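Single-structure report; data block below.
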Amino acid sequence: MATLAMTYRISLYSKRTDCVLIWSYCDYAGEIPGIMKTFVIFVTLFALAACADECYKDVVAACNPTLSKQLAGIANCNAKYGGIQELQPDLQRFANHLFFRSFDFLLMATHYGNYIKNRPGFEKLFRGLSDSLWSDGIETIKYITTRGGQMNLNNIAKDLQDEELTSPSLELYEMQSIAKALDVEKKLALQAFDLHKSASGKKHESHDPEIAHHLEEEFMEKHRDTIRELAGHSRDLSVLLSGPDASLALYLFDQHLQK
Amino acid sequence: MKGFGVFVVFCLASASAALQCEHRIPKIPDDWIDMNSVCVKRIKSHVMEELKAAMQYMAMGAHFSRDTINRPGFAKLFFDAASEEREHAIKLIHYLLMRGELTSGVSDLIKRSLMPSTMTWSDAASALRDALQLEASVTKKIRDIIKSCEDETDFNDYHLVDYLTGDFLTEQYQGQRDLAGKLSTLEKLMDKHGALGEFLFDKKLL
Ligand SMILES: [Fe+2]
Ligand SMILES: [Fe+2]
C-alpha cells in the first residue's frame with residue numbers, strides 16, 4: 001500500500017508515472033480493501049484523463065472489470081503517429097488523382113487502338129501508363145492504411161472535379177498525346193513533391209519523415225524515369241516529324257514503341 | 001533594311017521548322033462495321049458498370065486494410081477483385097475496338113462519377129454479402145444486354161451474344177459461386193466462434 005500511495009503522489013507531477021500508478025494498481029488489486037479500491041479507481045480515472053493518448057492505458061482500463069464498463073474500447077491502440085492525421089486528406093486526394101489519370105491514359109490507349117488510328121505502339125505506351133497509375137493508386141491506399149489512416153474515394157481535388165465537367169478531348173495526334181502525357185506525369189510528380197514538403201517541413205503537425213521517405217522511394221524514382229522516357233519520346237518525335245515523311249516516321253516510331 | 005532581311009529569314013526558318021503533327025485521316029470502307037448502335041451504347045455503358053464495381057471493391061479493400069479493422073486477407077481479396085473488374089472494362093473496350101467501334105467519342109467513355117456509395121462495413125460477412133449482391137446485379141445487366149442484342153429484328157449480333165455468354169457470364173457465375181461459398185464458410189465458422197471465425201478465415205485468404 002505504501003508503494004501505491006507514493007506512486008500516486010509522484011503522478012501529480014509527472015505524466016509518465018501515471019502509467020506506473022495504474023500498473024501497480026493492477027498488480028495489487030487483489031490486496032486492496034474496498035474503500036481504498038474506490039479511491040484508487042477515482043485516481044485512475046483522473047490519471048487516464050491526464051494522459052489519454054496511450055494504448056496501454058486503454059488496455060488497462062479495458063481489462064479492468066469495473067473500468068471497462070465506463071470507458072469505450074482501446075481507441076488509442078492504433079497505427080497513427082507523426083503527421084499522418086494532418087497529411088491524410090492530401091494523400092487521399094493524391095490517390096484519387098492517380099486513379100483519375102489512370103482512366104485518362106486508358107482512354108488515350110483506347111483511341112490508339114481503334115482501326116483508324118491503328119498504332120499498337122502508342123496503345124501499349126498509354127496502357128502501360130494507365131496500369132502503372134492504377135497500381136500506384138492501390139499502393140497509396142495501402143500505404144495510408146499502413147500508417148493508421150483511412151481512404152476516402154470521394155475526396156477529389158476541385159480542379160479535377162471541374163475538369164470532369166468540361167471533359168477535354170483525349171483523342172489527340174501522336175505528338176500532342178506524348179506532350180499531354182508528359183504534363184500529366186509532371187503534375188503528379190509535383191503533387192508528390194508538395195506532400196513531401198509538408199511532411200519534411202517545419203510545421204510540427206505534418207512533420208513525418210517516414211511519409212517523405214515513402215514518397216521518395218515508391219513514387220518519385222519511378223515518376224522520374226517515366227518523365228524522362230516521355231521527354232525522350234517527344235524529342236525523337238519532334239525530330240522525326242520535321243523530316244520529309246512524317247507518316248512513315250510515325251509508323252516506324254510506333255513500331256519502336258511496340259518493343 | 002538589313003534588319004528586315006534577318007526578320008524574313010527568321011520567319012522562313014521557323015516556318016520550315018513547324019512540325020507535321022497532324023496527318024490525313026484515311027478513308028476506309030465501313031460496311032464491315034455491323035454492330036447495332038443500341039448494342040454499342042449498352043456495351044459502352046457496361047464499361048462504366050465494370051469500373052463502378054472496381055471502385056466499390058476498392059472501397060472494400062481500403063476498409064479491410066485499416067489498422068483498426070485489420071483483415072489483410074479480405075483486403076487482398078477485394079483489391080484483387082477491383083483490378084479484375086478494371087480488366088473486364090478493358091476487355092469490353094477491346095471487343096468494341098475489334099468490331100470497328102470507338103473511332104470517336106472515346107473521351108466520354110468513362111465518367112468519373114464512380115464513387116462508391118458504401119465505404120464501411122460492420123464485418124467481413126456483410127462485405128461478402130454486398131459483393132455477392134453487386135455481382136448479381138452485374139450479371140443481370142449482362143443478361144439484359146444479351147437479350148436486347150439478340151432480339152434486334154434487323155440484326156442479331158450472334159458474336160457479341162456468344163462472347164458475353166461464354167466469357168462474361170461464365171466468369172460471373174463462377175465468381176458468384178465463389179463468393180457464396182466463402183460467405184457460407186465464414187457464416188458457419190462464425191456461428192459459434194464469432195470473432196475467432198473471422199480471424200481464422202481472414203488468414204486463410206492470404
Ligand atoms: Fe466484372
Ligand atoms: Fe465481378
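Heavy-atom basis, side chains included; hydrogens, waters and symmetry copies ignored. Just so it is clear, the structure is predicted and the values come from calculations on it, not from any experiment. Every chain is numbered from 1 and lettered A, B, ... according to where its sequence line falls, protein lines coming before strand lines.
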Using non-hydrogen atoms and a 4.5 Å limit, figure out which bit of [X] sits close to chain A: side chain, backbone, both or neither.
{"X": "B/Asn70", "value": "neither"}
{"X": "B/Arg24", "value": "neither"}
{"X": "B/Ile90", "value": "side chain"}
{"X": "B/Ile25", "value": "side chain"}
{"X": "B/Ser65", "value": "both"}
{"X": "B/Ile93", "value": "side chain"}
{"X": "B/Met98", "value": "neither"}
{"X": "B/Leu51", "value": "side chain"}
{"X": "B/His63", "value": "neither"}

Does the distance from a Lys or Arg side-chain N to an Asp or Glu carboxylate O, for [X] and [Y], drop under 4.0 Å?
{"X": "A/Asp131", "Y": "A/Lys124", "value": "no"}
{"X": "B/Asp34", "Y": "B/Arg99", "value": "yes"}
{"X": "A/Asp194", "Y": "A/Arg93", "value": "no"}
{"X": "A/Asp183", "Y": "A/Lys180", "value": "no"}
{"X": "B/Glu87", "Y": "A/Arg127", "value": "yes"}
{"X": "B/Glu50", "Y": "B/Lys91", "value": "no"}

What part of [X] lies closer than 4.5 angstrom to a heavy atom of chain B: side chain, backbone, both or neither?
{"X": "A/Lys117", "value": "side chain"}
{"X": "A/Ile156", "value": "side chain"}
{"X": "A/Leu153", "value": "both"}
{"X": "A/Leu160", "value": "neither"}
{"X": "A/Glu171", "value": "both"}
{"X": "A/Ser130", "value": "both"}
{"X": "A/Glu163", "value": "neither"}

Mind ranking [options] by heavy-atom pairs under 4.5 Å with chain B and telling me who comes out on top?
{"options": "A/Lys142, A/Met108, A/Lys80, A/Met151", "value": "A/Lys142"}
{"options": "A/Asp104, A/Ile144, A/Leu240, A/Thr146", "value": "A/Asp104"}
{"options": "A/Ile138, A/Leu172, A/Leu170, A/Thr110", "value": "A/Thr110"}
{"options": "A/Asn96, A/Asn78, A/Asn154", "value": "A/Asn154"}
{"options": "A/Phe99, A/Trp134, A/Phe103", "value": "A/Trp134"}

- Query: Can you check whether B/His159 and B/Tyr95 have ring centres sitting under 6.0 Å from each other?
  - Reply: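 Close enough - the centres of the two rings lie under 6.0 Å apart.
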
field: Aromatic contact, B/Phe199 with B/His193 (centres under 6.0 Å)
entry: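 Distance test on ring centres: not under 6.0 Å, no.
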
Residues B/Pro116 and B/Gln56: closest non-hydrogen pair is CB-OE1, 3.5 Å

All heavy atoms of A/Ala199 vs all of A/Leu87, minimum pair found to be CB-CD1, 3.7 Å

Is there a salt bridge (Lys or Arg N to Asp or Glu O under 4.0 Å) between B/Glu85 and B/Lys52? Walk through the geometry before answering. CA-CA 9 Å; B/Glu85 299 304 342; B/Lys52 271 185 200 159; over 6 Å; no

query: How far apart are the C-alpha atoms of A/Asn76 and A/Asp58, what are their side-chain angles, what is the distance that settles it, and do they pass the side chain to side chain donor-acceptor pair (under 3.5 Å) test?
result: CA-CA 7 Å; A/Asn76 291 309; A/Asp58 282 2; 3.1 Å; yes

